[in-house]
Amino acid sequence: MSSHTRTARKAVLLGSAGVLVAAGLLAVQSSEASASDVKVTTSSIKVADGRVFTATNHLVQPSKALLAREHQVVADALAGHNPEVKKLITANGKIRHEYLVVWAGDKNAGDNNTASVAKTNPSVNPVTAPDTARDNSVGPDFIAIIDATKGLPSYGKVVNTITTSPVVENEPHHMQYLWHKGDVIYAGGLYSDITYVFDISQLPAVSLKGVNLPQDTPCGSIPDAYWTLKDGTAYGTYMGGADVPGPCHYTNGEVRVSNGFGGSPGSIVRLDKEGKTLAETPAALPTAEDPKVCVDYPVLPAATCANPHGIQVREDLNRLVASDYAEPRNIVLDPVRPESPYVFRDTVRIYDISDRNNAKVVSVSHMPDGPRKERNPSHEEPRGIMETTVTNLPNHKGAFAESMCGGAIYYTPDITNPNPTWREVFDDTTASRYLQPQIGEGGGCMGGGWVQTSPDDHYLYHAVIGRGPGATSPSDSGGAKMVWAIDIRKLLASGKNTKCSIDNMYEVSHGGQEKDCPTLVDAYHVDDQSSGGPHWGTFDNFQIGDDGLYHDIDPFYGGKQPGNPTQRIAFADYFVARTNVDGNHKLCILDIDKNGKFHLDSGFLDENEGTPCVDFNRTDWPHGEYGDAKPHSMVFAVNEQDIA
Amino acid sequence: MTRRSAAAPGALARGRRPFRALVALFLLTGTSLLVSAGPAAAHGSVDTAGLPVAARAARAVALAAAVFVAGQGLLRPLQPAPRDSARRLLFVVTLLGAGATAVAPAGGLPVARWSILLPLLPLTAGAVTATRWPAALGAVGLLLVLGWDAFRDGAGAGVLMLGHLATAGIWLAAVTASATAPAGQRAAVLRRLGPVAVGSAVLLAASGVLAAHRENVTVHGITATPFGSLVALKVGLLAAAGLLGLTVRRVVRRGARPATGPARAELVTLLGAAVLGATLTGLPNPGPAPTAGAPLVRRLTIDDAATGLVVVPQRPGLNLVHLQTTRFTDLRVAGKRYAATPRPYADGQWALISLPPGRSRLQVIQGKHVAQRVLNAGPALPAGAPTDPLQLAGPDGPECLAAALGAVLGGSRGPLTGCPAQQLRAADARALTALVGQLAGRGVHTLGLVADSTPRAVAAAAAVRAAASGAGVRVARLAASLPGALPDVVLSVAGAADTRTALAAAADKPPRYGSYVAPWLMDAPLVAAGGGSAFAALPFDPQGDQAMQYLSALALVGPGGGSESGLVAYLAARGVEPAQRIRVWAATSAFTVMPMNDDPAHAHDEDGQGAGWLAGGALTPVSPALS
């Protein structure tokens with residue numbers, strides 16, 4: 001080897017070492033910079049038992065590179081190159097952002113399912129060991145604020161996380177379905193039995209306004225969903241029974257006997273904007289319901305199916321509609337015998353809320369069985385009525401309900417009728433077949449969740465978890481994980497003379513044949529290999545106006561009549577990991593074109609992966625390296641200063 | 001002039017023919033078998049303790065031969081192609097190794113590894129006879145195949161294993177060169193390769209010490225397990241080889257004799273050490289040293305899955321063993337085999353075993369996979385002493401074991417001197433008193449009390465009666481089956497067995513105000529016994545920092561839920577007082593979602609089984625703090 005070659009090799013080695021050292025220093029500096037780029041502020045509330053609950057903001061400060069890109073976008077917009085973005089810019093150059101507010105839980109070892117628990121030995125795979133250890137440790141639950149302003153470089157970035165303390169493992173579940181100017185956020189912890197109230201008027205910053213503890217709603221447990229009223233208060237469904245077994249006294253003076261936490265009957269709770277209980281009223285009738293179809297474990301003196309889950313309200317009609325899903329606590333009296341299919345409720349209750357603090361049950365309707373004959377009785381059409389949605393326009397009085405286990409959509413044209421008639425008007429099988437022509441078992445156990453009418457009452461949107469192949473039997477090819485839309489205009493136009501009814505097998509897979517039946521507009525297939533699928537969604541109820549401010553398109557909140565079409569919806573792919581129905585933990589946006597067709601928003605990118613949809617499975621968050629998280633529910637929201 | 005030109009081309013070509021034939025034969029066999037093996041090729045390593053001696057010997061020969069050939073390849077850039085006896089030795093070892101490799105799957109060598117090893121071994125050997133760098137490259141490939149499994153325990157373990165194998169191979173190659181060199185050239189060979197041999201021997205010793213440390217080979221393991229004994233023998237052989245090497249060096253330096261005999265003895269000794277080392281890779285290691293007479297807690301990795309092992313009290317006589325696994329498991333100790341079995345409403349597998357005084361070897365057998373740990377039960381018991389003084393064979397044995405486990409996780413190394421059922425904790429008495437007051441305030445007039453004869457239950461029953469008397473609640477002692485008219489509420493302060501019966505009866509005939517259990521009964525198995533729901537006033541916070549630390553420590557051993565007795569023992573071992581705030585908690589085993597499966601036998605398979613106090617369920621405080 002010549003000395004020249006040796007010198008060259010030394011130079012290369014020294015150079016490489018220098019590069020490595022420099023890279024290391026840069027990495028250290030970069031990580032320090034990112035750590036200091038989070039601004040931390042905390043709000044707190046001391047509750048009656050002396051504990052201090054906190055919500056801590058971790059506001060991500062935009063990097064120089066991001067600011068430079070934003071300035072460029074602003075400059076381009078002001079130069080007339082991007083009229084849509086130009087609307088977002090104020091006279092002094094500020095950008096009006098729109099956000100997604102997402103209620104998410106920390107994933108930890110408790111969320112591992114039966115199959116994965118034996119695989120948590122970190123020595124097995126050194127590559128994934130750090131992730132496994134991080135994901136299995138317990139971290140705080142949080143609200144994530146994600147920039148949802150199309151056209152900006154910050155689109156899809158997590159700009160703040162608000163961690164809650166001291167209670168962990170809340171199992172963050174639902175908030176209200178939509179957020180409107182002046183509202184607070186009601187966010188429930190399924191397992192902690194706590195409702196948190198957050199002020200989001202100063203987005204992206206959030207503060208804690210109240211905490212409703214289990215003992216504040218003694219006659220109900222397992223909070224599920226909320227619906228806000230025009231005055232900012234909210235109704236919440238507490239699906240499970242009283243905190244402890246025995247007689248429970250409601251705020252209206254009535255008494256029901258409960259079999260305890262997570263059992264039956266549940267309650268309807270009205271909360272004020274500080275989270276205080278204004279009223280807790282019974283979901284159960286004073287008299288017993290049919291004990292054959294309303295099975296309660298342990299048995300109650302007065303049988304009831306009252307386990308309210310989905311909830312929506314028509315204040316103008318003084319009606320609240322809540323669907324009963326299931327007695328949530330899974331009592332296993334005989335491990336060999338399957339539990340009764342009747343644990344999954346088939347009832348929808350309509351309440352009179354003329355007295356807002358005394359919601360009274362007006363009707364209890366059992367959804368009708370459909371034409372499918374399932375081997376598993378829990379898969380029959382009316383099993384597990386998880387969600388409900390009301391129509392929005394004043395001339396419409398109808399409501400829809402959907403069954404999670406049954407995979408069916410029901411409709412009644414008039415919720416003011418004390419004896420409403422509910423009909424099956426659509427089967428998930430139809431949408432499934434659209435995506436999967438060789439579908440085996442149809443809608444049974446498809447896992448239908450979020451169901452929502454569009455603000456103009458043109459469409460009904462629905463998220464379906466789907467079934468993995470082999471879920472019901474080795475030959476089961478599974479059912480599509482999807483979000484679908486049906487056109488409901490003809491159905492609503494038929495008024496009280498609804499004819500549509502799914503009553504034969506052809507209609508199960510091809511849609512109803514009556515003229516007023518809904519027709520499938522589109523179904524978006526969600527590619528997901530996890531045990532779950534898309535469970536929850538929301539539509540964007542804000543649109544930027546020519547005045548540069550955001551306008552709420554909800555007809556009850558200033559939206560014009562008959563209402564603007566929805567331009568996009570967001571959905572999350574997660575259910576409840578501890579029930580072994582998990583999800584891929586992604587939050588996606590679907591754009592909706594003028595024909596109602598879905599298009600995955602390929603600009604809503606994960607800031608780490610660069611792929612469509614924001615992935616909640618990530619190493620670090622603004623609040624630290626807590627690993628994977630579980631996004632359950634979300635709403636679109638805007639800083640109140642930016643709303644007309 | 002290069003070294004290669006020293007040999008006549010024709011002679012070299014003739015010398016390589018046998019290797020070429022070997023390569024062709026084994027390449028063909030390996031490839032065809034790899035293809036036919038299909039997905040099975042992905043299988044990992046297998047413990048060989050349960051396999052026939054011949055199969056284990058084949059595996060050891062295959063691995064040792066691979067180390068030998070790898071060493072030749074690594075050293076090849078520093079020396080000419082082997083000639084005469086060196087070439088013959090290389091051929092014989094390669095033939096033996098490849099032949100043993102061909103039958104090595106019977107010895108537990110993974111199919112994928114064996115299929116690569118089979119052609120790579122003669123290929124590398126052939127390269128050694130011909131070229132330098134391809135030989136070295138083949139050697140690196142062999143080392144990676146041999147040491148790959150170690151990377152499963154982390155990069156450090158992998159590098160350590162590769163280093164150990166490489167230095168062993170290089171030492172062997174250097175000694176082979178010396179032993180096979182013509183008498184007149186030995187001195188030159190030693191001058192050239194002596195420093196290499198000494199350096200690799202030192203590094204081999206260092207890496208061996210580190211590896212032994214990683215494998216927990218200490219005095220107890222050497223005396224009690226074949227693994228330890230083989231390690232001791234290997235060390236002896238290596239030391240002997242080192243001494244022989246020094247002898248050869250000294251004799252040759254004097255120039256008196258060629259020292260062929262000692263050189264060959266050194267080679268044979270070193271080869272023996274290599275075979276022993278290869279044998280060790282198929283044996284379970286002894287694990288860390290036990291504390292004599294104190295409960296033993298270990299986390300085993302068997303077939304890539306964690307199995308928690310708890311042996312209580314680890315004293316001579318009857319011992320309770322808990323295995324945190326759902327796999328069928330057998331235990332073998334002191335010549336006896338025991339089948340571990342599930343217990344009703346208790347996690348994992350359980351066995352009662354008899355331990356001899358002093359050290360013994362416990363084998364944990366799951367099918368063909370075997371792990372072992374050394375136990376030390378301490379000195380023999382005095383004559384006439386009870387063999388189960390803590391009544392671990394009884395229904396409260398699992399609770400006592402949970403307490404012992406908590407104490408060990410908290411850092412205790414002392415013997416187990418008592419069980420929780422022998423005394424009522426003051427905090428538990430306060431919780432029971434507070435619960436009775438709370439129930440009275442809700443309108444409860446009659447309370448059915450389920451108790452047993454343990455000192456704790458007797459004291460608890462007295463505390464409940466005293467509180468009830470003051471609150472105007474009538475207390476009736478109930479049999480666990482809850483016969484007759486039901487009181488307003490049922491409260492169990494008994495042990496696990498009676499509580500299980502009472503909760504099951506109460507689920508069928510629910511009292512109006514429900515069923516409650518004492519704090520020490522709030523664990524996953526007993527909540528499951530009540531159908532999946534139970535209530536208790538707890539004098540600790542199962543969601544608080546203390547409980548989280550305890551649960552995290554518990555998760556290090558294996559899957560399983562928490563218990564008050566375990567938490568209290570854990571905190572006591574750490575010198576921490578449990579938080580004292582009393583609340584009523586609702587326990588829920590699981591939540592109903594979607595009945596996916598059509599098969600009734602699997603109707604409940606969807607229940608979550610994760611970590612936490614109640615795996616897959618939830619504990620929720622449903623009352624303010626009680627005074």
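Quick note on labels: first sequence line is chain A, next is B, and so on, each numbered from 1. We use all heavy atoms of the structure for the numbers below, so side chains are in, but hydrogens, waters and symmetry mates are not. If you're wondering where the values come from, they're calculated on a predicted model, not measured in any experiment.
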Open item on the list: Which atoms of V489(B) are under 4.5 Å from chain A, going by heavy atoms: the side chain, the backbone, both sets, or neither?
Closed with: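 No part of it gets close to chain A.
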
TODO: Measure distances from S552(B) to the heavy atoms of chain A and classify the residue's part below 4.5 Å as side chain, backbone, both or neither.
DONE: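 The answer is neither part of S552(B).
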
Rounded to the nearest 0.5 Å, how far apart are [atom1] of [X] and [atom2] of [Y]?
| X | Y | atom1 | atom2 | answer |
| --- | --- | --- | --- | --- |
| S623(B) | Q215(A) | OG | CD | 7.0 Å |
| M548(B) | E169(A) | CE | CD | 4.5 Å |
| W585(B) | D243(A) | CH2 | CG | 12.5 Å |
| L300(A) | R512(B) | CG | CZ | 10.5 Å |

What pair of heavy atoms forms the shortest contact from [X] to [Y], and how long is it?
| X | Y | value |
| --- | --- | --- |
| T588(B) | F261(A) | OG1-CD2, 3.6 Å |
| V168(A) | Q543(B) | CG2-O, 4.5 Å |
| V299(A) | P510(B) | O-CG, 3.5 Å |

Task: Contacting region of P247(A) [heavy-atom separation from chain B under 4.5 Å] - done: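 Backbone plus side chain of P247(A), per the 4.5 Å heavy-atom cut-off to chain B.
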
Task: T620(B) side-chain N/O to Y191(A) backbone N/O, donor-acceptor pair under 3.5 Å - done: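 Pair found, side chain donor or acceptor close to backbone of Y191(A).
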
TODO: Give a yes or no on whether Y342(A) atom OH has more than 12 heavy-atom contacts from other residues, nucleotides or ligands under 6.0 Å away.
DONE: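 Check fails, neighbour count at 12 or below.
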
Open item on the list: Quick one, Y513(B) and V244(A) - any side-chain contact, counting heavy atoms below 4.5 Å?
Closed with: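 SC-SC contact between Y513(B) and V244(A) ruled out.
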
